[in-house]
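One structure is given below, encoded as structure tokens.
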Amino acid sequence: MEKEKGPNFLEEIIAEDVAAGKHGGRVLTRFPPEPNGYLHIGHSKSICLNFGLASKFGGVTNLRFDDTNPVTEDTEYVESIKEDIKWLGFNWANEFYASDYFEQLYEFAVELIKKDLAYVDDSSAEEIAAAKGTPTTPGKDSPFRSRSVEENLDLFSRMRNGEFKEGEKVLRAKIDMASPNMHLRDPLMYRIKHAHHHRTGDKWCIYPMYDFAHGQSDSIEKITHSICTLEFEVHKPLYEWFIDKLGIFPSKQYEFARLNMTYTVMSKRKLLQLVNEKHVDGWDDPRMPTISGLRRRGYTPESIRMFAEKIGVARRENIIDVGLLEFCIREDLNKTAMRGMVVLDPVKLVIENYPEGQTEVLKGENNPEAEDKGGYRDIPFGKELWIEREDFREVAEKKYFRLAPGLMVRLKHAYIIKCESFTKDASDRVTEIRCTYVPESKSGNDTSGINVKGTLHWVAAHAAAPVEVRLYDRLFRVEDPSSEEGDFKDYINPESLHVISSAMAEPTVALAKAGDKFQFLRKGYFCADKNSVSGKPVFNRTVTLKDTWAKEERKGA
RNA sequence: UGUCCGAUGGUGUAAUGGUAACACUGCAGAUUUUGGUUCUGCCUUUCUAGGUUCGAAUCCUAGUCGGACAACCA
């Protein structure tokens, strides 16, 4: 029995607020992606948190696109983000956009100008940066800081009217250029961008900065708990300053540590690079840590939610072993995936005492974990079979219990066979294995009394369907590519993809449609790819099975 | 040489002043017509030094180490 985890710190905060009757006990969270890239496994932590927390306390969650930078944002991303959230199994209460609030935000800015809490600055980006100081030295006031309210009002409205060029003017909050918190040194509120916005088109040429949009958007929606990652912690005083000066609904921000995972990268910037520079085959390449990549790889929403649950949430930096994600998908797929036999690296096996030309149809359970075994499927059997090349050894060492001359194994769902001989070609490669079978050892009514240690998967040659199989490995060779010397791309694993163009599959497997998931017996979990064509499916390896034999061999090596 | 945040097994996460635990990993074994699954057992933990207290992972102080902050990005 698994002991239940204690509440995490966010649950504690919310539970206290609810108990104290804050906001009438109402809980409303939001998930605020910027539509400038695809969602990744790190976002799924945030999604599970935001939606999970709200529902745990009887609340709901808004989806809000933080679309305040028209030059990097696009509807393509909006669509993929919505698809991914739905796929993960979450439903948002409202679909909002920060751009919905542009008019309101503009009025908020005017209000701050009138209170002499904001001013238009004509300084260049370089001048502003220079006057900002550094974390250890205070900044200097801008020469434009003391403009009159009237002048600021006039200038700001002319900024909106498009009378100035990009970079010519900005609107800044008037706070404190000497603050130890850089974000309080008269932060920018608005900048001029003569750019087309994916939703507002050409209506605006000034756009609010994150700090002037996010908190107010939360406030407008009356978000009670605004949950974000740790790097926004230094923005919190500013988040509260705007809300306080505007006197609007007091949403509160809480931070947690973002997810990091071994053998991958988790920043949109880096992922975009991998896509643009063609190191991978798009955002949904099965090696990508994106939601769409994981989906194509064969991960299930259940497995990702289980992962989010298991990693927990705290405020300390962390790097999760990707092995935990793999554990979660195995856990799920073991219970749900249809079993099938596919030989990835085929070698011919001939049963000498099986009648020439004879075939038969055997029954195989579809899922030994299911109550009803998932039903049964037909598996053709015959005199000539394909078996896995690695399941044969010319000489067997101590702990090896697969096929080798003189040894017996069971063919899964079929008969026990004994290896009699084998032939090799000029290059010393095994070309054919010859065996005899025990007719009375048939699965289901074995009267042979023989016990064998090993069981092999196989496919009857006369009914085998060639299929393409893509074996994926980790995208990077090192645990934390971002912290290594030099460029992270130097650490890409050159063997992250191995394509097998003609593996041999049993007929049922060859019928797979895109998205169908299987456990290929003894080989791992696989998912039919979207590139599958009728009659010639393509399978992506989601994850291998745990392989204690391979581990044993590695130790011996 | 600033401000803020953090530090519990190999990796994560609990323990909320009262016996340091759970998961993953690893190791050993049992079962097995998947060297899978399942089951059993084991290894390994409170950054350091002071202080408060009957009692400290927890509170205080100092130090050490790690992270964040100087985009007209979010």
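Per chain, numbering begins at 1; letters A, B, ... match sequence-line order.
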Handout entry: Stacking check Y210(A) vs A74(B) (5.5 Å / 30 deg)
Key = no
Practice task
Determine the contact category for R185(A): base if any of its heavy atoms lies under 4.0 Å from a base atom, sugar-phosphate if only primed atoms, P, OP1 or OP2 are that close, otherwise nothing.
Solution key: nothing
Exercise for the section: Give K193(A) one of three labels, base, sugar-phosphate or nothing, depending on what nucleic acid heavy atoms sit under 4.0 Å from its own. Expected result: sugar-phosphate
Exercise for the section: Name the nucleic acid region contacted by T72(A), choosing base, sugar-phosphate or nothing; use a 4.0 angstrom heavy-atom cut-off, strictly under. Expected result: nothing
Handout entry: A14(B) to C59(B) separation - P atoms, rounded to the nearest Å
Key = 15 Å
Practice task
Using the C1' atoms only, state how far G9(B) lies from A23(B), rounded to an integer number of Å.
Solution key: 13 Å
Exercise for the section: Write down the distance separating the C1' atoms in C65(B) and A49(B), rounded off to the nearest Å. Expected result: 15 Å
Exercise for the section: Would you kindly check whether a donor in the side chain of R339(A) faces an acceptor in the base of U34(B), or vice versa, at under 3.5 angstrom? Expected result: yes
Exercise for the section: Identify whether any heavy atom of G340(A) sits under 4.0 Å from a base atom; if not, whether one sits that close to sugar-phosphate; answer base, sugar-phosphate or nothing. Expected result: nothing
Handout entry: No-H, no-angle donor-acceptor pair, E553(A) side chain to G35(B) base, under 3.5 Å
Key = no
Exercise for the section: Identify which nucleotide among G2(B), G12(B), C72(B) has an atom closest to any side-chain atom of I320(A), counting heavy atoms from C-beta outward. Expected result: G12(B)
Completion exercise
Among the nucleotides A74(B), C5(B), A28(B), whichever has the atom closest to the side chain of M209(A) is A74(B)
Practice task
By nearest nucleotide on RNA chain B, pick out whichever of N36(A) and G323(A) is the more 5' one.
Solution key: G323(A)
Handout entry: Y400(A) (side chain) donor-acceptor with L403(A) (main chain) under 3.5 angstrom
Key = yes
Handout entry: U37(B) to C69(B) separation - P atoms, rounded to the nearest Å
Key = 42 Å
Exercise for the section: Using a 4.0 Å heavy-atom cut-off across all strands, classify H214(A) as base, sugar-phosphate, or nothing. Expected result: nothing
Practice task
Report yes if a side-chain nitrogen or oxygen of T548(A) is closer than 4.0 Å to either non-bridging phosphate oxygen (OP1 or OP2) of G36(B); otherwise report no.
Solution key: yes
Exercise for the section: Examine the base of A68(B) for any acceptor or donor lying under 3.5 Å from a partner atom in the side chain of H235(A), and report the outcome as yes or no. Expected result: no
Practice task
Taking only Lys NZ, Arg NE, NH1 and NH2, and the carboxylate oxygens of Asp or Glu, determine whether K132(A) and E127(A) approach each other closer than 4.0 Å.
Solution key: no
Practice task
Could you work out the separation of U58(B) and A15(B) based on their C1' atoms and round it to a whole Å?
Solution key: 9 Å
Practice task
Would you tell me whether R30(A) and H214(A) have side-chain atoms, one donor and one acceptor, within less than 3.5 Å of each other?
Solution key: yes
Completion exercise
Here the distance between atom P of A15(B) and atom CZ of F9(A), to the nearest Å, is 12 Å
Practice task
Between A20(B) and G36(B), how far apart are the P atoms? Round to whole Å, please.
Solution key: 36 Å
Handout entry: K399(A) atom NZ: more than 12 heavy-atom contacts under 6.0 Å
Key = no
Practice task
Using a cut-off of strictly less than 4.0 Å, decide whether R522(A) has a side-chain nitrogen or oxygen near OP1 or OP2 of G36(B).
Solution key: no
Problem - Test item: side-chain donor near acceptor, S142(A) and D121(A), under 3.5 Å - result: yes
Practice task
Have a look at Y207(A) and say if it touches a base, only the backbone sugar-phosphate, or nothing, with a 4.0 Å heavy-atom cut-off.
Solution key: nothing
Practice task
Select base, sugar-phosphate, or nothing to describe what H413(A) touches, counting heavy atoms under 4.0 Å on all strands.
Solution key: base
Practice task
Could you check whether Q519(A) gets within reach of a base, just the sugar-phosphate, or nothing at all, counting any heavy atom under 4.0 Å?
Solution key: base
Completion exercise
Rounded to whole Å, the CE-P distance (M306(A) to U13(B)) equals 19 Å
Practice task
Have a look at P368(A) and say if it touches a base, only the backbone sugar-phosphate, or nothing, with a 4.0 Å heavy-atom cut-off.
Solution key: base
Exercise for the section: Using the P atom on both, measure G26(B) against U11(B) and round to a whole Å. Expected result: 15 Å
Practice task
Please determine if R199(A) and D67(A) form a salt bridge, counting it only when a charged side-chain N lies under 4.0 Å from a carboxylate O.
Solution key: no
Exercise for the section: Would you indicate, yes or no, if U33(B) has its OP1 or OP2 atom less than 4.0 angstrom from a side-chain nitrogen or oxygen of K373(A)? Expected result: no
Completion exercise
Here the distance between atom P of C73(B) and atom CE of M189(A), to the nearest Å, is 16 Å
Practice task
Ignoring backbone atoms, establish whether K551(A) has a side-chain N or O less than 4.0 Å from OP1 or OP2 of G26(B).
Solution key: yes
Fill in the blank from the handout: Whole-Å distance, D547(A) CG to G36(B) P, equals 8 Å
Handout entry: Heavy-atom donor-acceptor pair, D547(A) side chain to A550(A) backbone, under 3.5 Å
Key = yes
Exercise for the section: Please determine if a side-chain N or O atom of R172(A) lies less than 4.0 Å away from the OP1 or OP2 oxygen of C72(B). Expected result: no
Problem - Carboxylate-amine/guanidinium contact E365(A) R377(A), below 4.0 Å - result: no
Problem - E240(A)/K252(A) ion pair, N-O < 4.0 Å - result: yes
Practice task
Indicate whether OP1 or OP2 belonging to C73(B) is found under 4.0 Å from a side-chain N or O atom of R191(A).
Solution key: yes
Exercise for the section: For I311(A), report the nucleic acid contact type (base, sugar-phosphate, nothing); a contact means any heavy atom under 4.0 Å. Expected result: sugar-phosphate
Exercise for the section: Determine: side-chain N/O of R316(A) to OP1/OP2 of A14(B), distance under 4.0 Å, yes or no. Expected result: yes
Completion exercise
Closest to the side chain of N334(A), out of C72(B), G36(B), U13(B), is G36(B)
Problem - Gap between atoms CD and P, on E369(A) and G36(B) respectively (whole Å) - result: 12 Å
Practice task
Name the nucleic acid region contacted by P33(A), choosing base, sugar-phosphate or nothing; use a 4.0 angstrom heavy-atom cut-off, strictly under.
Solution key: nothing
Practice task
Mind checking I416(A) for me? I need base, sugar-phosphate or nothing, with any heavy atom below 4.0 Å counting as a touch.
Solution key: nothing
Problem - Separation of the C1' atoms in A68(B) and C27(B), to the nearest angstrom - result: 39 Å
Practice task
Check every strand shown and say whether L521(A) touches a base, only sugar-phosphate, or nothing at a heavy-atom separation below 4.0 Å.
Solution key: base
Practice task
Name the nucleic acid region contacted by N181(A), choosing base, sugar-phosphate or nothing; use a 4.0 angstrom heavy-atom cut-off, strictly under.
Solution key: nothing
